[in-house]
Amino acid sequence: MQLYKNHTLELYNSLSGKKETFTPIHEGTIGMYVCGPTVYSNVHLGNVRTFMSFDMIFRYLQHLGYKVRYVRNITDAGHLTDDGNVENDRFVKQSRLEKLEPMEVVQKYTVDFHKVLDTFNFLPPTIEPTATGHILEQIELTQKLIDKGFAYESNGSVYFDVLEYNKRGMNYGELSNRNIEELFAQTRDLDGQNEKKNPQDFALWKNASPAHIMRWNSPWGEGFPGWHLECTAMSTKYLGETFDIHGGGMDLKFPHHECEVAQGKACNGHSPVNYWLHANMLTMNGQRMSKSTGNYILPMELINGDNTFFEKAFHPNVVRFCFMQAHYRSVLDISNEAMVASEKGLQRLMEALEVAKILTPSTTSSLDISAWKKSCYDAMNDDFNTPILIANLFEGIRFINLVNDKKETLTAEDIATLTETISTFIFEILGIKDEKATSNNSEKLEGVVKMLIGMRNEARANKNFALSDQIRDELLALNIQLKDGKDGTSFIL
Ligand code: AMP
Ligand code: ZN
């Protein structure tokens, strides 16, 4: 499918502050990097929203026919707490709290993250690199920045020299629209103030104090990498010095992404990213969802109904549909009412898809299905406008009901286009899990196993015990156990 040749995709680029027509660096392929989770605790529902926005974008880009290399990292080292104190590395702090090795903390919450993504039917990224797996690359980058005069060593730590960067004609603040004077006033990184030339200089490498457990050897002594550097190291390694799309939550624009721009430009003399995409926040009670303020809900608590905020449990598909009903660049306030409305809406869509199966085709169509289909693509091509797309899908549902009520007519071909388009957008692009398809699959599997049991019975009746044993053993190798009893053979899948 090479749909992209007939489609012009408009993306809102945070760097220019406007929508731009998307042109990939290499025709037909896209490199996309999205900042992954810091795996020192369970991801909250807000984190899930951001990752889901990029899952939808990944799905749509692939649907358009692009070959996408989608890199989403795991931050498993060097993430300081908000007060910037080295002793408060999140992993070290959590490992003390849980009496676990820092790497056990990493493993525990990486497993949890993957389980959550699986629950919400995410596609895996094509590469999922870890910060700790790329320490050498980060040391090399740091050295390169020192060699080029953009970084300096101080007390075993290495800092990026923001003033030097600006002196050489670049503009630290171009992504987040800040100027250097503002940054002087706003800096929150209190750690290492007396080591830095200027307060807004940021750490590329931090000297580890004796108490710091996660540490690596470097030319500057034992230490650990700065958070901003890991994304530059991994995106450059897997996507090149300049790649197409970089994504993440809005809150990462400054300082994290700003620092990535500076590191990339200082290293290579050109911008590391062509299109910066930022997803907006999930709020609850009108306030940003965040672990630090306690205003958060865990995804599993919403699904199990094990919380005090929602009146009942909600299926992961409903959560996904609710998120998709907001544009990825808009704030979404999660509420019981919003979830209930999404549940009803999704049910209406599913019911209409069933009705569509029994529609009676006519020789002519009174509705313009190709214009309707185009409007679905137009919505998605306009900076992934999922709320407009969903409004169009409901319009498609209205068509199905009108034809069913004999108020409008559609040809068999138009009925097929209408239902296929709705299904494609719902399941393939918005990522709603097709429960029917998966339950059908288990029915099919049961049918196949029953057929094999019949064939085995026949083999046994013919005294062909070699074949009957082969069927039993090969099923067992697939973890399907046959049990012979006096009432015949049963099986455990
Ligand atoms: P972190 O693990 O803190 O680095 O966050 C992982 C991702 O979740 C980042 O892209 C954040 O921008 C994003 N994020 C954090 N809080 C929220 C929120 N309330 N709503 C949406 N995304 C969020
Ligand atoms: Zn990042």
Side-chain angles (χ1 to χ4, degrees), residues 14 32-57 71-82 89-91 94 105-106 109-110 112-113 116-117 120 122 125 127-131 134 138 141 175-176 202 225-239 243 245-264 272-273 276-299 302 319 322-323 326-334:
S14 305
M32 176 163 92
Y33 186 92
V34 172
C35 296
T38 310
V39 284
Y40 71 101
S41 69
N42 307 91
V43 281
H44 60 64
L45 200 63
N47 304 131
V48 172
R49 181 185 180 208
T50 287
F51 296 128
M52 197 180 282
S53 295
F54 289 101
D55 183 62
M56 172 275 292
I57 289 171
V71 184
R72 188 187 60 217
N73 69 303
I74 297 271
T75 297
D76 59 351
H79 206 320
L80 306 181
T81 52
D82 289 341
D89 174 308
R90 292 183 202 270
F91 297 97
Q94 195 65 21
V105 171
V106 165
Y109 294 110
T110 302
D112 174 77
F113 174 58
V116 168
L117 298 191
F120 289 97
F122 276 65
I127 305 178
E128 195 173 43
T130 60
H134 296 77
Q138 294 174 78
L141 262 181
L175 180 65
S176 55
F202 56 89
W227 170 38
H228 314 309
L229 194 65
E230 72 174 69
C231 288
T232 298
M234 292 185 271
S235 60
T236 312
K237 175 159 180 167
Y238 299 110
L239 300 171
F243 55 95
I245 297 174
H246 193 313
M250 213 70 115
D251 58 328
L252 299 189
K253 209 192 266 185
F254 184 85
H256 186 51
H257 292 160
E258 194 68 64
C259 295
E260 279 189 55
V261 173
Q263 289 163 165
V273 176
W276 281 95
L277 269 49
H278 286 104
N280 217 327
M281 297 291 108
L282 185 71
T283 59
M284 194 164 80
N285 297 316
Q287 275 188 343
R288 191 182 130 187
M289 198 170 280
S290 154
K291 273 268 169 85
S292 55
T293 57
N295 184 45
Y296 71 92
I297 181 164
L298 296 181
L302 177 56
V319 182
C322 180
F323 284 5
H327 189 261
Y328 80 93
R329 280 192 296 113
S330 306
V331 171
L332 170 64
D333 193 54
I334 190 125

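Just follow the structure's listing: the first ligand is 1, and inside any ligand the first atom is 1. Remember, predicted model here, so these are calculated numbers, not experimental data. All values below come from the heavy atoms of this structure, side chains included, with hydrogens, waters and symmetry mates left out. If you read the sequence from its start, that first residue is 1, and numbering goes on from there.
- Counting heavy atoms under 4.0 Å from ligand 1, residue L252 touches it through the side chain alone.
- Inclusion of L282 in the set of residues having an N or O under 3.5 Å from an N or O of ligand 1 is warranted.
- Residue pairs meeting the salt bridge (charged side-chain N to carboxylate O under 4.0 Å, His left out) criterion with at least one partner in residues 276-288, sequence neighbours excluded, are D251-R288.
- Around the Zn ion (ligand 2), protein N, O or S atoms at a distance under 2.8 Å total 3; waters are neither shown nor counted.
- Between N280 and ligand 1, not a single N/O pair is under 3.5 Å apart.
- At a 3.5 angstrom cut-off on N or O pairs, D251 counts as close to ligand 1.
- The distance criterion of under 3.5 Å between nitrogen or oxygen atoms is met by G46 with respect to ligand 1.
- Proximity of the aromatic rings of F54 and H246 is defined here by a centroid distance below 6.0 angstrom, and this criterion is not met.
- For a threshold of 3.5 Å applied to N or O pairs, the pair formed by T50 and ligand 1 contains at least one separation below that value.
- With no hydrogens or angles considered, a side-chain donor-acceptor pair links E260 and H256 at under 3.5 Å.
- Under the 6.0 Å cut-off for aromatic ring centres, F51 and F113 qualify, their centroids lying closer than that.
- Contact analysis puts F51 in contact with ligand 1, with a non-hydrogen atom separation below 4.0 angstrom.
- Between P37 and ligand 1, no N or O atom pair is found at a separation short of 3.5 Å.
- Checked by distance only, ligand 1 and G248 stay at 3.5 Å or farther apart across all their nitrogen or oxygen atoms.
- Residues H257 and H278 place their aromatic rings such that the two centres sit under 6.0 Å apart.
- In plain terms, the two heavy atoms of G286 and D333 that are nearest each other are N-OD1, 3.1 Å.
- N295 places no side-chain N or O within donor-acceptor distance of the main-chain N or O of S290, the cut-off being under 3.5 Å.
- Here the straight-line distance linking atom SG of C322 with atom CG of L332 works out to 5.5 Å at 0.5 Å rounding.
- Remark: side-chain polar atoms of D76 are paired, donor with acceptor, to backbone N or O of A131 under 3.5 angstrom.
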